2 protein chains.
Amino acid sequence: MPLKNTGTEQHIKETAKRMFFTEGKLHATTQEIADAAGVNRTALHYYFRSRDLLIAAIFQEAMQDLSQRLNECMTADQPFRDKTENIIDVFLRHMIAFPYQETFLVTEINTLGSRLINNIQSDPVKSYLLEAETEMGKGSIPPMKPVHFLMNLFSLLSYPLIMAPIYKKLFKVNGKEFKELMEERKGVIMGMMFKE
Amino acid sequence: MPLKNTGTEQHIKETAKRMFFTEGKLHATTQEIADAAGVNRTALHYYFRSRDLLIAAIFQEAMQDLSQRLNECMTADQPFRDKTENIIDVFLRHMIAFPYQETFLVTEINTLGSRLINNIQSDPVKSYLLEAETEMGKGSIPPMKPVHFLMNLFSLLSYPLIMAPIYKKLFKVNGKEFKELMEERKGVIMGMMFKE
DNA sequence: ATTTTTCTTAACATTTTTGTCTAACAAAAA
DNA sequence: TTTTTGTTAGACAAAAATGTTAAGAAAAAT
């Protein structure tokens, strides 16, 4: 089977991801995606058959990507503090590049139903939660239900980037200044999560 | 000029808000909104003229509501700790009822442009940030740029509720259990924000 | 080289969504 | 009452978005 493979399929998918995950344009039409990718809209149907299937493909990959990142970070063979620091690094970098990936996922789930995520792997998270509990016993992090610890961590990582358009106005900072603020977040978050 | 005012206009707007802000159905069509409101779709055009104007009205009110909440909370005449506790109460309650209001705002800004929010009031926030700075001097909260303190606060408040559909699966909790977790957040957040 | 397959596009068709028009009806005002 | 005004619904129209077909170009295989 010959495959010309000019990379158009990947290119379309990546362009769509950029619009959804990076630019936060959750209402993007097939025409807008095709235009942004610099291809005829038919190409989009040639590779994905329908808009819904393109969305489904993107959803699955985003879910897969999230699962894998969680997996790798949570089950890494590292001391708890290092592991958490790595989670911050990895997720913060990801949020800077794709701030609306989770928003996209949640929006799709809300419109199509939560059965879309029955394949999510919760074991790696569970093991991290156990480690957090142990750590609380040692006293290096304040005692609370481990899920709260994890929600706190992800909240501090993610929310400011999702709210960027509003925060920029509210704090009167420009794009560059906001970016600098985000670079400072790692230190801030570590300070919040661990007793210094 | 007689105004029959059967409440239909308000009812349509509230239904639309419920779909957008509470259910997170950001792609809702006029037909879906009309159906949910139990009115003919024409009523929607009669009162709002077009879909875009309905969206614009909802956007403005949501923005207004956010501004006002910020204003009232941030400039209340209270000691800093009490004030912060009140912010948590008010915003947590709001997030439980309308978890996707901010998401809606940001999505609209991303599609229509950030000039939509040039009327946002940043003075009340500024005064709260100054108070936070004073408080850091006193040592009751850890030293950091005040904006980080505020972003931390809002993150801890908001993000878990936005991610609810994913977190329920990831933590294997049902709706009731998740709701209970959210009720616990106030204490958790206070513990995170203030040195105990 | 030519045949086959993959890829890309333009033109067209269908479906979905939005918007308009008119008639019907009710309630208030004249 | 009748006239006017506000409100609702049905039918229709227009626009927007999605989907299909057919045909040609480019690459791979024979």
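Letters A, B, ... are given to chains in the order of the sequence lines, protein chains preceding strands, and every chain is numbered from 1. Quick caveat, the model's predicted, so the values are computed rather than measured.
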Note to self: On the nucleotide C:dT18, are OP1 or OP2 found under 4.0 Å from the side-chain N or O atoms that B:S50 carries?
What the structure shows: no
Note to self: Once you apply a heavy-atom cut-off of 4.0 Å, does B:A43 come out as touching a base, just sugar-phosphate, or nothing?
What the structure shows: nothing
Notebook entry, point to check: So, is A:T30 near the phosphate of D:dT18, with a side-chain N or O under 4.0 Å from OP1 or OP2?
Noted result: yes
Check: Rounded to whole angstroms, how far apart are CD on A:E9 and P on C:dT6?
Finding: 13 Å
Item checked: Among D:dG19, C:dT6, C:dG19, the nucleotide that comes nearest once only the side chain of A:Y46 is considered -> C:dT6
Check: Between atom CD1 in A:I55 and atom C1' in D:dT18, what is the gap in whole Å?
Finding: 12 Å
Next item on the list: Decide, yes or no, whether a salt bridge links B:K186 with B:E85 under the criterion of side-chain N to carboxylate O below 4.0 Å.
Entry: yes
Next item on the list: Could you state the atom-to-atom distance from CD of A:E32 to P of D:dA16 in whole Å?
Entry: 12 Å
Margin query: From CZ of B:R49 over to P of C:dT20, roughly how many Å is that when rounded to an integer?
Written below: 9 Å
Next item on the list: Searching all strands shown, indicate the nucleotide that pairs with C:dA30 (Watson-Crick or G-U wobble; both distances under 3.5 Å).
Entry: D:dT1
Check: Is a side-chain donor or acceptor of A:N152 paired with a backbone partner of A:H148 at a separation under 3.5 angstrom?
Finding: yes
Next item on the list: Could you tell me whether A:K17 and A:E14 have a side-chain N and a carboxylate O separated by less than 4.0 Å?
Entry: no
Notebook entry, point to check: Can you tell me how far the NE2 atom of B:H11 sits from the OG1 atom of B:T15, to the nearest 0.5 Å?
Noted result: 4.0 Å
Check: Will you find, in the side chains of B:D52 and B:S50, an N or O donor that is under 3.5 Å from an N or O acceptor?
Finding: no
Note to self: Taking 4.0 Å as the cut-off, does a side-chain nitrogen or oxygen of B:Y47 come that near to OP1 or OP2 on D:dG6?
What the structure shows: no
Next item on the list: For A:R51 and D:dA16, give me the distance from atom CZ to atom P, rounded to whole Å.
Entry: 17 Å
Note to self: Any salt bridge linking B:D65 with B:R69? Criterion: basic side-chain nitrogen under 4.0 Å from a carboxylate oxygen.
What the structure shows: yes
Checklist line | Residue A:T29, side-chain heavy atoms: nucleotide from D:dT7, D:dA17, D:dT20 that is nearest | finding: D:dA17
Checklist line | Separation of atom CG in A:L44 from atom P in D:dT20, rounded to whole Å | finding: 13 Å
Next item on the list: Would you check, one step at a time, whether the test salt bridge (charged side-chain N to carboxylate O under 4.0 Å, His left out) holds for B:E32 with B:K25?
Entry: CA-CA 10 Å; B:E32 287 167 329; B:K25 300 199 170 147; over 6 Å; no
Check: Please give, in whole Å, the distance from D:dA17 P to A:I33 CD1?
Finding: 12 Å
Nucleotide N/O to protein N/O under 3.5 Å, stretch nucleotides 10-14 of chain C:
unit_1 : atom_1 : unit_2 : atom_2 : d
C:dA10 : OP2    : A:N40  : ND2    : 3.0
C:dA10 : N6     : A:T42  : OG1    : 3.3

Next item on the list: Could you tell me the separation between the NE2 atom of B:H45 and the C1' atom of D:dT7, rounded to a whole number of Å?
Entry: 16 Å
Note to self: Using heavy-atom distances to pick each residue's nearest nucleotide on DNA chain D, tell me which of B:V39 and A:A28 is more 5'.
What the structure shows: B:V39
